[in-house]
There are 2 protein chains.
Amino acid sequence: MLRSAKKNKVHRKDVAKKAGVSPSTVSRAINDNPSIPVSTRNRVKKIAEELGYVPSHLGRNYYQKKSFRIGIVMPFSYDKKVRVFPTEYFSKVLFGALLSASREGYTINIIADSGFSSQELEKLVLSHSVDGLIFPVCKIGDNRFSYLYKKGIPFIFIHYYVRNKPYLYVDCDSKPGMEESLQYLSSKKINRIGFLGGDEEYINAIDRKKIFIDLARKYKMKVVNMVNGNFSRTSGFLAVKEFLKKELPEAIVCANDRMAFGLLEGLKKENVRIPEAVRIIGFDNQDIATLTSPPPHYYRKSFF
Amino acid sequence: MLRSAKKNKVHRKDVAKKAGVSPSTVSRAINDNPSIPVSTRNRVKKIAEELGYVPSHLGRNYYQKKSFRIGIVMPFSYDKKVRVFPTEYFSKVLFGALLSASREGYTINIIADSGFSSQELEKLVLSHSVDGLIFPVCKIGDNRFSYLYKKGIPFIFIHYYVRNKPYLYVDCDSKPGMEESLQYLSSKKINRIGFLGGDEEYINAIDRKKIFIDLARKYKMKVVNMVNGNFSRTSGFLAVKEFLKKELPEAIVCANDRMAFGLLEGLKKENVRIPEAVRIIGFDNQDIATLTSPPPHYYRKSFF
DNA sequence: CTGAAAGCGCTTACAG
DNA sequence: CTGAAAGCGCTTACAG
């Protein structure tokens, strides 16, 4: 299918010859090894540049026994439409990973996880396909990690953690944002509030709900209704029905912006006036948050 | 940061010893080399399995001078918000690439293209970081490819092509879908039609517009208005203003579903009745198409 | 400061 | 059918 790359590739020894040094010294120059003088380094680099010599990562990787790749493990089943890919969340995570990986000379490999066992995940590292794994989307109860940890497979979670386990993770603290929300509502003399939670298969959903409840108590607000969504816009839309069954809260705090957006759409459809009848608070700062109508109070520009 | 993987790794020679064969034979067994008997192959494989031997791809890659990776080059600038990642289009392309790559023993490497020169792209292949490049999002006039081609760098486009160039590409033919649309409208005795086009930096936008015009002529329909969008939902929303400036077409054909969705939202906001006042036709079959209200005529279920 | 040499773990042509 | 050997292109410890 693909045509093969140019065969008459420039090799390290071509550079060595032209520069009048040994191949070892070429390597040292290219890798900024301090044992050779800067003058030699620059001269060799210049010649390498001129000849178009590009060191092969394959040799380096092989010698160092490192692939310089990190696998990002995405839940993915095409049939079941489990696709986290097309979300802003994934976009951001991926971009962050790409940035910091490239700073360290690593690249990111996408791994479509259609239900790998811990052994299969382990093999990705043992075969040196990747050096380690990032899990950006984990559900509570995923039991593959104790095996990986025991085997010394390097891995890290994003927005997930397991209590009392030494697993590394990156997460954000939902408390400050949630506190800001409730504080704001409290300052506006709002007392009867509701909550639209996320899918409790994810630990952040549980955390945010708990934080919400604790803060409601702290600010002496009355929680009149709590509805469970699943973080999707659709679930926000559907939550309207649940909220209309009971006394409508003066404000509804949502566990993320996508649900807030769907909730807003659904409430408008039911002719509930926003923010007069009920105020909506999102969470996440996703781009979608800037597209609502009415616009967020901190973003009083026109729709677009 | 990351803990390193287990040190006492099982090597090929451990398997060889236990199986009473040479390391070469272990390789042959693992790789299903037909020169050794199946009985030997199976015995060796079983022992490898028991000992937990996993061949290193690093050695193989090095020997074969192949990385077994394909780079998928995504336009990406965080500041300028050029992010194709969070779209269903990218999700589908990526998944397809992952699937077919894995069938051939390849993996997919994400490359965030914040404006690479052709030389930088070339280096990705010369350094054997990847074996070839996929460009899933190209703008007309991208002039980096003649250099890559001349240098023998393997690359392939998705939904892009350059006329009179031998560059490989994968695309879909927009004509049958567009014809189906116009044929349908024609059968319904609809005669005054409009078009909402995509961003003409992309060749598909131009193609679809041209196909639309040609077909309108073929079916003897009158094109009363053509508006340019940029494939986004927002641009569909904004196009409403343009469509309302002139005589409203009986039907508007959109170059993709996202714009059709936005257009629908915008028209509803202006209290234009769908499909009584104007019919909307999308293009693409994106998931978003199933979420419209009113639902598509071929999908008469409730909203969700 | 620099070169010659060893070795990273594989695959495969070669010899038997 | 199978083993010993060469070699893929690097890095680096060692010797000078």
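The figures here come from the full heavy-atom set of this structure, side chains too, leaving out hydrogens, waters and symmetry mates. Chain A is the first sequence line, chain B the second, and so forth, proteins listed ahead of strands; every chain is numbered from 1.
Regarding Asn42(A), its CG atom lies at a distance of 13 Å from the P atom of dC1(C), rounded to whole Å. Taking atom NE2 on His11(A) and atom P on dC10(D), their separation rounds to 8 Å, with Å as the unit. Rounded to an integer number of Å, the gap from OH of Tyr63(A) to C1' of dT11(D) is 4 Å. Between Arg12(A) atom CZ and dT11(D) atom P there is a gap of 7 Å when expressed in whole angstrom units.
A donor-acceptor pair under 3.5 Å links the side-chain atoms of Asp131(B) to the main chain of Phe68(B), judged by distance alone.
Tyr161(B) and Asn204(B) share no donor-acceptor pair across their side chains, judged by distance under 3.5 Å alone. A donor-acceptor contact closer than 3.5 angstrom is absent between the side chains of Thr107(A) and Arg69(A).
At a cut-off of 3.5 angstrom, the base of dG9(C) holds no donor-acceptor pair with the side chain of Tyr62(B).
The shortest distance between the side-chain N/O atoms of Thr40(B) and the OP1/OP2 oxygens of dT2(D) is below 4.0 Å. Residue Ser27(B) has no polar side-chain atom (N or O) positioned under 4.0 Å from OP1 or OP2 of dC10(C). Of the side-chain N and O atoms in Tyr53(B), one or more sit less than 4.0 angstrom from OP1 or OP2 of dC10(C).
Within the 4.0 angstrom heavy-atom criterion, only backbone atoms of the sugar-phosphate kind lie near Asn31(B); the bases stay farther away. Counting non-hydrogen atoms under 4.0 angstrom, Asn33(B) reaches nothing in the nucleic acid. Contacts of Ser24(A) with the nucleic acid, taken as non-hydrogen atoms under 4.0 Å apart, include base atoms. Counting non-hydrogen atoms under 4.0 angstrom, Pro55(A) reaches the backbone sugars and phosphates but no base.
Picking from dG9(C), dT11(D), dG3(D) the nucleotide with the shortest atom distance to the side chain of Thr25(B) gives dG3(D). Residue Ile36(A) has its side chain nearest to dT2(C) when only dT11(D), dG9(C), dT2(C) are considered. Looking at the side chain of Ser35(B), the nearest of the listed nucleotides dC8(C), dT2(D), dT2(C) is dT2(D). The nucleotide whose nearest atom lies closest to any side-chain atom of Ser22(A) is, among dC8(C), dG3(C), dT11(C), dG3(C).
dG16(C) and dT12(C) have their C1' atoms separated by 16 Å, given to the nearest Å.
Atom NZ of Lys45(B) sits in a crowded spot, with more than 12 heavy atoms from other residues, nucleotides or ligands closer than 6.0 Å.
Where Val21(B) and Gln64(B) meet DNA chain D, the nucleotide closest to each residue was compared, and Val21(B) sits on the side nearer the 5' end. Comparing Val54(B) and Gly20(A) against DNA chain C, the residue whose closest nucleotide sits nearer the 5' end is Gly20(A). Where Ser56(B) and Arg28(B) meet DNA chain C, the nucleotide closest to each residue was compared, and Ser56(B) sits on the side nearer the 5' end.
Across all strands shown, dA13(C) forms no Watson-Crick or G-U wobble pair with both distances under 3.5 Å.
Each of Tyr149(B), Phe145(B), Tyr169(B) was checked for a ring pair (Phe, Tyr, Trp, His ring centres under 6.0 Å) with Phe157(B), and the lone residue meeting it is Phe145(B).
Relative ring orientation between Phe135(B) and Phe155(B) is described as perpendicular, the plane-to-plane angle rising above 60° on a 0-90° scale split at 30° and 60°.
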